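A short write-up of the structure that comes next.
Counting begins at 1 with the first residue of the sequence. Because the structure is a prediction, the values reported are computed rather than measured. Just so you know, ligand 1 is whichever comes first in the structure, and atom 1 is the first atom listed for that ligand.
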Amino acid sequence: MKTMQQLQHFLTMAELTPEALTELLALAKDIKHQPSVYQNALSHKKVALLFEKASTRTRLSFEVGVAELGGHPIVLSGADMQIGRGEPLSDTIQVMSRYVDALMIRTFGHEIVDTLAAHGTIPIINGLTDLHHPCQVLADLLTIEETFGTRSGKILTYIGDGNNMAHSLMIGGALSGMEVRICAPEAYAPDPQIVHEAQVIAKETGGNIIVMTDPEEAASGADVVYTDVFASMGQEEEATMRLQAFEGYQVNANIMNQANDEAIFLHCLPAHRGEEVTADVIDGKQSVIFDQAENRLHAQKALLVTLLG
Ligand code: CP
Ligand code: NVA
């Protein structure tokens, strides 16, 4: 774990101490409320944004964010680069380190971002791997803090696949002193090692990390109800099978009724209405999904200023 000053890369939420996370979110709020103060924070900095998977929010929020900070974003597609033809990652990142000041990458295996961080000399930001999506969770925690005025003690229930979102939410929630309940069918439970990692952090912060299988029980008394797609990017062929496996794990009005009256609904997006969530919930009064999506921009600007400013 690193303090704000020591932060070199952002590969998982566990890069941050609880205090660094609090500082980062405070900076995000300041940037959100007075963006012009930071308009030259990344002056002359070049930030490569490399995508090996599709993206709407991550691509736009980083590209706009770098531009609003006075830097120069360079959007790249893995398929168009020599890595797509087998150039070793270690060569690619050493070359990129000579041209740009930071690399944000969205890719498959998490070991890819570890390799880039090990061989490059520039900050690496994880814009989603199969295992983690920490940038999304910065925005989620900012949204929770804005809604309730605090994160500590809040109960976040995630119903769905034990995937990258579930993993980053567990660590981010643990750092925040929150109770995070991950509710998934047994075969789709989160990675036990990451559960353990989050539980160790939660012990220090007064948080709690629980893995459950009963959605109604999980939603009971929750402040935040969260879900994500049942089939993530790269799992398209499993979509039909997963739809069956996740029967009973949809966030619907009944699930929201188990939660607190003041509870909010969050979804990292993109969403499949009628699958992991009903249209009445995601388009309903408790849903703050577009504030959440907007917060990607502010939270990531804070991250960029911290790493490069
Ligand atoms: N939530 C998220 O990362 O969205 P994109 O896949 O559109 O970037
Ligand atoms: N779990 C999803 C998140 C998308 C933002 C995926 O990996 O496709």
Side-chain angles (χ1 to χ4, degrees), residues 10-13 28 47-66 73 75-78 103-113 125-144 156 158-172 180 182-185 188-191 194 224 226-239 241-243 245-246 249-251 265-273 275-277 282 287-301 303-304:
F10 190 57
L11 307 184
T12 80
M13 284 300 295
V47 181
L49 311 172
L50 169 50
F51 291 90
E52 300 202 280
K53 288 177 176 170
S55 171
T56 296
R57 281 143 288 269
T58 305
R59 174 180 168 164
L60 278 162
S61 56
F62 268 106
E63 190 167 358
V64 170
V66 172
V75 179
L76 302 162
S77 154
L103 167 65
M104 191 286 320
I105 179 168
R106 164 166 291 194
T107 188
F108 291 88
H110 192 78
E111 67 285 352
I112 294 172
V113 292
I125 299 172
N126 177 2
L128 181 147
T129 60
D130 292 342
L131 222 50
H132 294 277
H133 195 3
C135 290
Q136 178 65 53
V137 169
L138 288 182
D140 301 342
L141 295 173
L142 178 59
T143 309
I144 291 166
L156 183 148
Y158 171 95
I159 299 174
D161 188 20
N163 61 13
N164 44 13
M165 278 315 316
H167 294 153
S168 291
L169 284 167
M170 285 193 295
I171 303 176
V180 179
I182 303 292
C183 180
Y188 295 93
D191 183 322
I194 300 175
V224 181
Y226 201 121
T227 189
D228 183 17
V229 290
F230 294 146
S232 284
M233 289 182 276
Q235 298 172 333
E236 287 78 7
E237 280 170 16
E238 297 173 27
M241 186 189 78
R242 281 173 170 265
L243 215 47
F246 284 94
Y249 286 81
Q250 183 186 61
V251 175
F265 171 78
L266 296 180
H267 191 310
C268 56
L269 304 178
H272 294 158
R273 285 167 176 77
E275 293 186 14
E276 74 275 7
V277 59
I282 194 166
S287 174
V288 293
I289 54 167
F290 299 120
D291 294 329
Q292 178 189 7
E294 183 194 321
N295 278 337
R296 291 291 304 272
L297 175 66
H298 311 300
Q300 289 160 192
K301 283 169 81 176
L303 179 66
L304 289 163

*Side chains of Ser61 and Gln300: is there a donor and an acceptor less than 3.5 Å apart?*
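The answer is yes; a qualifying pair exists.
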
*Are side-chain heavy atoms of Leu128 and Gln136 found at a separation under 4.5 Å?*
no

*asked:* Does any part of the side chain of Leu156, heavy atoms only, come nearer than 4.5 Å to the side chain of Leu141, both counted from C-beta?
replied: no

*Could you tell me whether some N/O pair between Arg57 and ligand 1 is separated by less than 3.5 angstrom?*
yes

*Do ligand 1 and Met233 have nitrogen or oxygen atoms that lie under 3.5 Å from each other?*
no

*Where do Gly160 and Phe230 come nearest, in terms of heavy atoms and distance?*
CA-CE2, 4.2 Å

*Please verify whether a non-hydrogen atom of Lys53 lies at under 4.0 Å from ligand 1.*
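Contact absent.
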
*Once the angle between the rings of Tyr158 and Tyr226 is folded into 0 to 90°, is it parallel (under 30°), tilted (30 to 60°) or perpendicular (over 60°)?*
tilted

Say whether [X], considering both its backbone and side-chain N or O atoms, lies within less than 3.5 Å of an N or O atom on ligand 2.
X      : result
Pro270 : no
Ser232 : yes
Lys53  : no
Asp228 : yes

*At what distance is the nearest protein heavy atom to atom 6 (O) of ligand 1, and which residue and atom is it?*
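The protein heavy atom lying closest is Arg106 NH1, 2.8 Å.
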
_Protein heavy atom at shortest distance from atom 8 (O) of ligand 2_ = Met233 N, 2.8 Å

*Is there a heavy atom in Leu269 that sits closer than 4.0 Å to ligand 2?*
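Yes; Leu269 lies near enough to ligand 2 that a heavy-atom distance drops under 4.0 Å.
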
*What atoms of ligand 2 come within less than 4.0 Å of a heavy atom belonging to Asn164?*
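Answer for ligand 2: 1 (N), 2 (C), 6 (C), 7 (O).
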
*Proximal ligand 2 atoms for Leu128, defined as those under 4.0 Å from one of its heavy atoms*: 3 (C), 4 (C), 5 (C), 7 (O)

_Taking CD in Glu236 as the centre, count heavy atoms belonging to other residues, nucleotides or ligands within less than 6.0 Å. Is the count above 12?_
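Enclosed.
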
Should you measure from each heavy atom of [X], which atoms of ligand 1 turn up under 4.0 Å away?
X      : answer
Thr56  : 5 (P), 7 (O), 8 (O)
Leu269 : 1 (N), 2 (C), 4 (O)
Arg296 : 1 (N), 2 (C), 3 (O)

*Answer side chain, backbone, both or neither: which part of Leu128 comes under 4.0 Å from ligand 1, heavy atoms only.*
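None of Leu128 does.
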
*In this structure, which one of Gln292, His272, Glu276 forms a side-chain hydrogen bond (donor to acceptor under 3.5 Å, both in side chains) with His267?*
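The side-chain hydrogen bond (donor to acceptor under 3.5 Å, both in side chains) with His267 is passed solely by Glu276 among Gln292, His272, Glu276.
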
_Asp291, Asn295, Val137 screened by side-chain contact (heavy atoms from CB on, under 4.5 Å) with Leu142, the one that passes_ = Asn295

